[in-house]
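Below is one structure, written out as structure tokens; the observations come after it.
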Amino acid sequence: MGEAPAFFADSLLGDFPNGVDLKSEGHKTAICIGSKIYVIGGADHESTAVIGVQIFEKSSGEWINPTVLGTKPKVSNGHSAVLLNGDRILVIKGNSKSDGCFWFLEVGTPFIREQEKTHGNEVVAWSKGVLGNVEKPIVISGPSGVGKGTLISELMKEFPSMFGFSVSHTTRAPREKEQNGFHYHFSDRSVMEREIKDGKFLEFASVHGNLYGTSVEAVEVVADAGKRCILDIDVQGARSVRASSLDAIFIFISPPSFEELEKRLRARATETEEQIQKRLRNARAELEQGKSSGLFDHILVNDDLESCYENLKNILGLTEGVKTAHKTYPELVDLPVEHLVSKIDQKILINCGAGEYQKASDNMYVLDLSLLKGGAPGRTRGLNLFVTNPSTDRVNGDNQLS
Ligand SMILES: Nc1nc2c(ncn2[C@@H]2O[C@H](COP(=O)(O)OP(=O)(O)O)[C@@H](O)[C@H]2O)c(=O)[nH]1
Ligand SMILES: Nc1ncnc2c1ncn2[C@@H]1O[C@H](COP(=O)(O)OP(=O)(O)O)[C@@H](O)[C@H]1O
């Protein structure tokens with residue numbers, strides 16, 4: 001249990017009106033959800049450089065320091081907070097640019113419920129809001145030796161500015177030509193297990209006797225660079241990603257026959273006989289699951305490499321002449337410390353004309369949340385910011401900035 005902050009719990013919401021309090025000591029806001037009051041701001045119990053979170057449990061009168069997952073936002077000299085759908089809080093930092101001012105604190109999403117089971121205590125998780133859209137990540141699965149790596153390399157070679165590879169973590173030993181940080185992050189099992197517990201992984205699975213996993217960071221760095229992320233993961237991992245907040249396209253690569261698969265695996269000559277046998281045993285199960293589960297959006301048979309690659313490009317809409325990513329960076333906007341927020345359906349109105357010398361009609365922004373994707377502990381994407389003049393516009397998406 002944490003120490004009570006320096007104000008009385010009874011008057012908590014009176015002192016910190018739901019949503020906005022920009023001038024109190026420590027710049028705290030309070031949001032009430034059921035029997036809990038989430039106090040955001042002030043010192044974090046681990047670092048004074050980031051925004052802290054404490055929970056006041058009204059029924060017991062106790063303060064709780066929750067486990068805080070995800071990247072925490074740096075302290076600012078004022079923020080506003082709005083409750084969304086009862087399970088996450090949008091925090092808008094004042095005095096920041098629009099590429100770093102929107103943050104989501106998840107408090108009751110399915111991800112949080114899962115994490116609370118693992119941690120055995122209250123969990124909250126930050127996720128940074130990112131303006132604009134990147135195309136859906138691509139999950140590629142299929143048995144060992146089917147040609148996943150070969151197809152992905154072709155894609156990355158032909159479209160280097162469009163695609164980025166999600167570098168997984170694994171406890172298996174590196175092969176001769178594999179580089180740490182490029183092909184995989186080669187990890188100790190104990191380290192990887194601890195990081196899984198800390199919520200750093202989007203998914204993980206035990207494959208052929210080793211642990212493999214996709215860290216949240218691995219996917220986010222690719223999207224932050226404006227590229228479309230490719231994940232090469234097994235069928236269990238694909239199933240976990242389907243259940244996660246990552247909205248992806250799922251493609252299963254199948255061999256023309258089991259004999260051909262065995263031939264390719266042996267010809268690759270990267271595994272011992274024992275490992276080949278294990279991979280072939282697992283391949284049978286993977287082929288069954290891949291074909292029958294309804295998990296995959298597309299199944300491609302990798303018989304002739306060239307035609308399989310053409311089919312993959314067709315699925316991804318890569319027709320002749322498409323060679324570069326169309327990156328659109330949203331125009332940056334400065335959000336002042338003093339601003340007022342209100343919520344209408346999936347739109348947040350941000351009135352920055354609240355300063356002494358400004359008119360209410362100056363700098364009114366609308367943050368559209370209707371296309372949100374992703375979430376804690378990574379990034380929340382698909383935010384759209386519009387500038388609007390309340391005297392002439394209705395809140396309808398005119399004057400889009402992103
Ligand atoms: N679930 C999951 N599977 C992964 C991940 N990275 C790789 N894999 C899968 O692990 C299996 C073994 O990969 P690897 O040891 O590189 O052997 P290869 O597929 O024969 O080249 C393959 O099915 C990969 O798709 C990951 O991050 N998560
Ligand atoms: N269509 C194909 N026909 C023949 N050999 C192939 C084909 N696709 C891939 N290969 C070869 O099969 C082996 C396994 O491919 P790889 O991409 O490493 O598979 P995976 O990543 O699925 O384990 C490699 O030696 C590769 O060159």
Side-chain angles (χ1 to χ4, degrees), residues 137-157 165-187 192 195-196 200-219 222 229-244 246 248 250-272 274-287 289-290 295-296 300-312:
I138 304 150
V139 170
I140 297 193
S141 292
S144 183
V146 75
K148 303 179 294 297
T150 308
L151 289 163
I152 293 170
S153 309
E154 289 285 310
L155 214 49
M156 307 265 293
K157 227 184 316 167
F165 186 61
S166 157
V167 181
S168 294
H169 283 62
T170 181
T171 60
R172 90 151 156 74
R175 292 175 188 149
E176 208 174 53
K177 290 189 181 141
E178 283 179 333
Q179 287 167 258
N180 192 22
F182 183 76
H183 296 96
Y184 279 105
H185 298 288
F186 295 100
S187 301
M192 204 170 150
E195 291 182 342
I196 288 170
K200 293 193 177 161
F201 281 80
L202 185 69
E203 63 77 32
F204 62 92
S206 176
V207 192
H208 316 316
N210 281 300
L211 207 51
Y212 291 78
T214 310
S215 71
V216 171
E217 199 57 25
V219 175
V222 175
C229 187
I230 306 180
L231 292 84
D232 173 347
I233 58 176
D234 86 317
V235 177
Q236 305 167 75
R239 195 167 290 121
S240 304
V241 173
R242 252 295 184 221
S244 80
L246 194 78
F250 293 77
I251 301 173
F252 187 81
I253 313 289
S254 180
S257 67
F258 201 80
E259 292 67 34
E260 174 64 18
L261 182 70
E262 181 165 357
K263 214 166 89 189
R264 287 182 197 171
L265 204 47
R266 289 190 187 286
R268 193 173 68 181
T270 49
E271 271 76 29
T272 62
E274 194 190 339
Q275 285 164 346
I276 289 175
Q277 290 303 334
K278 191 182 263 182
R279 278 160 192 266
L280 288 173
R281 273 198 305 277
N282 292 341
R284 291 198 187 276
E286 282 188 284
L287 286 171
Q289 290 176 37
L295 168 62
F296 292 94
L300 284 180
V301 179
N302 183 16
D303 190 349
D304 172 60
L305 182 58
E306 209 172 305
S307 46
C308 184
Y309 181 58
E310 284 307 312
N311 289 338
L312 177 62

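Atoms within each ligand, like the ligands themselves, are counted from 1 in listed order.
- In this comparison of Gly147, Pro255, Cys308, Ala267, the heavy atom closest to atom 19 (O) of ligand 2 sits on Gly147.
- Not a single heavy atom of His185 sits closer than 4.0 Å to an atom of ligand 1.
- With hydrogens left out, the protein atom closest to atom 12 (C) of ligand 1 is Tyr212 OH, 3.5 Å, a heavy atom.
- For the salt bridge (charged side-chain N to carboxylate O under 4.0 Å, His left out) with Glu271, the lone residue among Arg279, Arg172, Lys278 that qualifies is Arg279.
- Between Thr214 and Phe204, the closest side-chain pair of non-hydrogen atoms is not below 4.5 Å.
- Protein heavy atom closest to atom 28 (N) of ligand 1, with residue, atom name and distance, is Glu203 OE2, 2.7 Å.
- Glu195 and Phe201 get closest at one heavy-atom pair: CB-CE1, 3.7 Å.
- Which of Lys148, Arg268, His208, Arg239 comes nearest to atom 21 (O) of ligand 1 through a heavy atom is settled by distance: it is Arg268.
- Considering backbone and side-chain atoms alike, Asp234 places an N or O below 3.5 Å from some N or O of ligand 1.
- Of the protein's non-hydrogen atoms, the one nearest atom 14 (C) of ligand 2 is Gly145 O, 3.5 Å.
- Protein heavy atom in closest approach to atom 20 (O) of ligand 1: Ser144 OG, 2.4 Å.
- The closest side-chain heavy-atom distance from Ser144 to Asn282 is not below 4.5 Å.
- Between Phe252 and Pro143 there is a side-chain heavy-atom pair separated by less than 4.5 Å.
- Of all atoms in ligand 2, listed by their number and element, those nearer than 4.0 Å to a heavy atom of Ser144 are 23 (O).
- Looking at Asp303 against ligand 2, only its backbone comes within 4.0 Å, counting heavy atoms.
- Numbered from 1 in the order shown, with element, the atoms of ligand 1 that lie under 4.0 Å from a heavy atom of Ala205 read 1 (N).
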*Output, in order, the C-alpha distance, side-chain angles, deciding distance and verdict of salt bridge (charged side-chain N to carboxylate O under 4.0 Å, His left out) for Glu259 and Lys263.*
CA-CA 6 Å; Glu259 292 67 34; Lys263 214 166 89 189; over 6 Å; no

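- Nearest protein neighbour of atom 18 (O) of ligand 2, counting heavy atoms only, is Arg268 NH1, 2.9 Å.
- Closest approach of Asn302 to Pro256, counting heavy atoms only: O-CD, 3.2 Å.
- With ligand atoms numbered from 1 in the order given, ligand 1 contributes 14 (P), 15 (O), 16 (O) to contacts under 4.0 Å with heavy atoms of Arg172.
- The protein heavy-atom contact nearest to atom 26 (C) of ligand 2 is Thr150 OG1, 3.6 Å.
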*Could you walk me through whether Ile196 and Leu211 pass side chain to side chain contact (heavy atoms under 4.5 Å, CB included), step by step?*
CA-CA 11 Å; Ile196 288 170; Leu211 207 51; 4.1 Å; yes

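- Within the 4.0 Å heavy-atom cutoff, Pro143 counts among the residues contacting ligand 2.
- In this structure the side chain of Leu312 never reaches within 4.5 angstrom of the side chain of Glu154, judged on heavy atoms.
- For the pair Glu178 and ligand 1, the shortest N or O to N or O distance does not fall below 3.5 Å.
- Salt bridge annotation for Glu260-Arg264: present, with a cationic side-chain nitrogen under 4.0 angstrom from a carboxylate oxygen.
- Of the protein's non-hydrogen atoms, Arg264 NE, 3.5 Å is the one closest to atom 4 (C) of ligand 2.
- For the pair Ile152 and Phe165, the minimum side-chain heavy-atom distance is below 4.5 Å.
- When heavy-atom distances to ligand 1 are checked against a 4.0 Å cut-off, His169 has no atom that comes that close, whether in backbone or side chain.
- From the protein, the heavy atom lying nearest to atom 8 (N) of ligand 2 is Asn302 ND2, 3.1 Å.
- Shortest contact from atom 16 (O) of ligand 1 to any protein heavy atom: Tyr184 OH, 2.5 Å.
- Polar contact check, Gly213 against ligand 1: a nitrogen or oxygen pair lies under 3.5 Å apart.
- Of the candidates Val207, Leu211, Asp232, Asp232 brings a heavy atom nearest to atom 8 (N) of ligand 1.
- Inter-residue side-chain proximity for Thr270 and Leu265 is flagged as unmet; no heavy-atom pair is nearer than 4.5 Å.
- For ligand 1 and Gly237, the ligand atoms under 4.0 Å from any heavy atom of the residue are 1 (N).
- When each atom of ligand 2 is checked for a heavy atom of Gly149 under 4.0 Å away, the hits are 17 (O), 20 (P), 21 (O).
- Nearest heavy atom pair, residue Met192 against residue Gly213, reads CE-N, 3.4 Å.
- Residues Leu155 and Tyr309 meet the side-chain proximity criterion, which asks for heavy atoms closer than 4.5 Å.
- Protein heavy atom in closest approach to atom 27 (O) of ligand 1: Ser168 OG, 2.6 Å.
- For the side chain to side chain contact (heavy atoms under 4.5 Å, CB included) with Phe250, the qualifying choice from Leu231, Val139, Ile140, Val235 is Val139, the only one to do so.
- The shortest heavy-atom distance from His183 to ligand 1 is not under 4.0 Å.
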